[in-house]
Amino acid sequence: MSAATNETVEAALKDYVEPHLGRDLVSSKSIKSIDIEGDQVKVKVSLGFPAKGAADAIAEAVKQTVEGVEGVSAAQVDVDWEVRSHSVQKSLKPIDNIKNIIAVASGKGGVGKSTTAVNLALALSAEGATVGILDADIYGPSQPRMLGISGKPESKDGNRLEPMTAYDLQAMSIGFLIEEETPMIWRGPMVTQALEQLLNDTNWSELDYLVIDLPPGTGDTQLTLAQKVPVSGAVIVTTPQDIALLDARKGLKMFQKVEVPVLGVVENMSIHICSKCGHEEHIFGEGGGTSMAEQYGIQLLGSLPLDIHIREETDSGKPSVVADAEGRVAQMYREIARKTAAKLSLQAKDYAAKFPRIVIQNN
């Protein structure tokens, strides 16, 4: 029996496509080291995205792949991850203590964008990242209610606000500074200034990701985000119906024009499952998110059902990811979070500078 070699182990690993990255671990520079001792092989995998919920499955898949190589009797695989900062708009610099900013946007209201944003943030946290969420909807802030947070933020130095926290998530919103029923009767310049202050005057604590819940549309707030906020990538939320997709396409093209990479699209309310009889029905149409992703060459990050529990849990201040952490919907959000972070980890990145060369040791 031939001994395992660099070429045979690498060739085998190239045949395994990691489902979140959509490519093999060798070409994505996720193989940190390979240690060969006779017929025993140790592989260390270092992902660029948090993957607590998938690490065991990835390790098992790599183990089976390597053990299929001639000359290998057993393989040991360790999987970890390290979130790094990624590129932003050319004219801007990353913000201290924030590695990556992900904007969650929609072309129109009523598609479940804020619900998706808060569950995405909570899912990234559940996967092992340090996460914050900024509620950028000045006119209609919803994150305080969704996270069940009351009270006002403190300021230790009189200049910067301390973020509010819930479920290990750092949060900031204009809703923390005003009464819930107080209307914000502000013109555009005041809104954009408020957004900048909420972002820059909050004492964020070493975030891997800051999720920004944008208001719907393509107006002043979105333009401010594109021009003054260093965004690593955007996620577009839509429903399958034609009118929502039309506006979602406008949002996508806006980000493309201002050089913010679109990480993918989330199709919300894709199917309704009757809570009494189990009947499934595509109330808002079918396949819209898929066709949009194919049309613009972006990734469909996931599809979510029209589920009464999502609404009830979010309204009660305990979103699905934490309300039923092992439930089907929570696992959907976590899969979307892994795909989003994985796509970002591949975004305009020089892997050679960020990961050490694969080390092969034959003893």
[X] side-chain N/O to [Y] backbone N/O, donor-acceptor pair under 3.5 Å:
X: Ser270; Y: Glu267; value: no
X: Thr8; Y: Ala4; value: no
X: Trp204; Y: Leu210; value: no
X: Ser106; Y: Val237; value: no
X: Gln331; Y: Ala325; value: yes
X: Asn119; Y: Leu122; value: no
X: Lys113; Y: Leu214; value: yes
X: Thr239; Y: Met269; value: no
X: Asn100; Y: Asp208; value: yes

May I ask you to test the [X]-[Y] pair for a side-chain heavy-atom distance under 4.5 Å?
X: Leu25; Y: Leu47; answer: yes
X: Val41; Y: Ile34; answer: yes
X: Thr130; Y: Leu124; answer: no
X: Val83; Y: Leu344; answer: no
X: Asp78; Y: Val43; answer: no
X: Asp137; Y: Tyr139; answer: yes
X: Ile98; Y: Leu207; answer: yes
X: Ile236; Y: Met292; answer: yes

[Y] reachable from [X] in the ILVMFWY side-chain graph, under 4.5 Å edges:
X: Ile138; Y: Leu161; result: yes
X: Leu195; Y: Leu177; result: yes
X: Ile298; Y: Val231; result: yes
X: Leu346; Y: Val88; result: no
X: Phe255; Y: Leu300; result: yes

Taking all non-hydrogen atoms of both residues, which atom of [X] and which atom of [Y] are closest, and how far apart?
X: Ser232; Y: His86; value: OG-O, 3.9 Å
X: Val66; Y: Ala75; value: CG1-CB, 3.8 Å
X: Glu162; Y: Pro153; value: O-CB, 3.3 Å
X: Leu21; Y: Ser30; value: CD1-OG, 3.9 Å
X: Val17; Y: Gly22; value: CG1-C, 3.5 Å
X: Ala337; Y: Leu120; value: CA-CD1, 3.6 Å

ask   = Quick one: side-chain contact (heavy atoms from CB on, under 4.5 Å) partners of Asn200, sequence neighbours excluded?
value =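 In terms of side-chain contact (heavy atoms from CB on, under 4.5 Å), with neighbours along the sequence ignored, Asn200 is linked to Ile95, Glu196.
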inquiry  = Does Arg84 form a salt bridge (Lys or Arg N to Asp or Glu O under 4.0 Å) with Glu82? I'd like the steps, not just the answer.
reply    = CA-CA 6 Å; Arg84 297 180 180 269; Glu82 183 179 0; 3.1 Å; yes
query = Would Ser114 and Met146 count as a side-chain contact (heavy atoms from CB on, under 4.5 Å) if you check the C-alpha gap in whole Å, the side-chain angles of each, and the deciding distance to 0.1 Å?
reply = CA-CA 9 Å; Ser114 293; Met146 290 184 170; 3.7 Å; yes
key: Residue that, paired with Phe176, satisfies side-chain contact (heavy atoms from CB on, under 4.5 Å) out of Ser150, Pro141, Pro144   = Pro144
Going from [atom1] on [X] to [atom2] on [Y], what distance comes out if it is rounded to the nearest 0.5 angstrom?
X: Ile174; Y: Asp135; atom1: CD1; atom2: CG; value: 9.5 Å
X: Lys250; Y: Leu245; atom1: NZ; atom2: CG; value: 12.5 Å
X: Arg338; Y: Lys52; atom1: CZ; atom2: NZ; value: 12.0 Å
X: Leu304; Y: Thr115; atom1: CG; atom2: OG1; value: 10.0 Å
X: Leu301; Y: Thr340; atom1: CG; atom2: OG1; value: 4.0 Å
X: Gln64; Y: Tyr16; atom1: CD; atom2: OH; value: 10.0 Å

With a cut-off of 3.5 Å and sequence neighbours excluded, list every side-chain donor-acceptor pair involving residues 306-313.
residue: Asp307; atom: OD1; partner: His309; partner atom: N; Å: 2.8
residue: Asp307; atom: OD1; partner: His309; partner atom: ND1; Å: 3.0
residue: Arg311; atom: NH1; partner: Asp315; partner atom: OD2; Å: 3.4
residue: Glu313; atom: OE1; partner: Ser320; partner atom: OG; Å: 2.7

query = Could you go step by step and tell me if Val266 and Val235 meet the side-chain contact (heavy atoms from CB on, under 4.5 Å) rule?
reply = CA-CA 7 Å; Val266 174; Val235 172; 3.8 Å; yes
task = Output, in order, the C-alpha distance, side-chain angles, deciding distance and verdict of side-chain contact (heavy atoms from CB on, under 4.5 Å) for Thr290 and Val265.
result = CA-CA 9 Å; Thr290 300; Val265 60; over 6 Å; no
If you draw a 6.0 Å radius around [atom1] in [X], do more than 12 non-hydrogen atoms from other residues or ligands fall strictly inside?
X: Lys228; atom1: NZ; answer: no
X: Asp80; atom1: CG; answer: yes
X: Lys93; atom1: NZ; answer: no

ask   = Checking salt bridge (Lys or Arg N to Asp or Glu O under 4.0 Å) for the pair Asp157/Arg160: CA distance, chi angles, key distance, verdict?
value = CA-CA 6 Å; Asp157 60 4; Arg160 296 171 64 83; 5.2 Å; no
Side-chain donor-acceptor pairs under 3.5 Å in residues 164-172, sequence neighbours left out?
residue: Tyr167; atom: OH; partner: Gly317; partner atom: O; Å: 2.6
residue: Gln170; atom: OE1; partner: Ser205; partner atom: N; Å: 2.9
residue: Gln170; atom: NE2; partner: Ser205; partner atom: O; Å: 3.1

ask   = Among all residues two or more places apart in sequence or in another chain, which pass the salt bridge (charged side-chain N to carboxylate O under 4.0 Å, His left out) test with Glu206?
value = none
task = Only counting residues at least two apart or in another chain, list the ones meeting salt bridge (charged side-chain N to carboxylate O under 4.0 Å, His left out) with Glu18.
result = none
request  = Go through the steps for Lys32 and Val45 under the test side-chain contact (heavy atoms from CB on, under 4.5 Å), then give the verdict.
outcome  = CA-CA 5 Å; Lys32 190 172 184 179; Val45 179; over 6 Å; no
note = Applied to residues 292-305, the side-chain hydrogen bond (donor to acceptor under 3.5 Å, both in side chains) test, sequence neighbours excluded, yields Arg249-Gln295
request  = Might you work through the salt bridge (Lys or Arg N to Asp or Glu O under 4.0 Å) test for Lys63 and Glu60, ending with a clear yes or no?
outcome  = CA-CA 5 Å; Lys63 174 178 164 60; Glu60 181 60 26; 5.9 Å; no
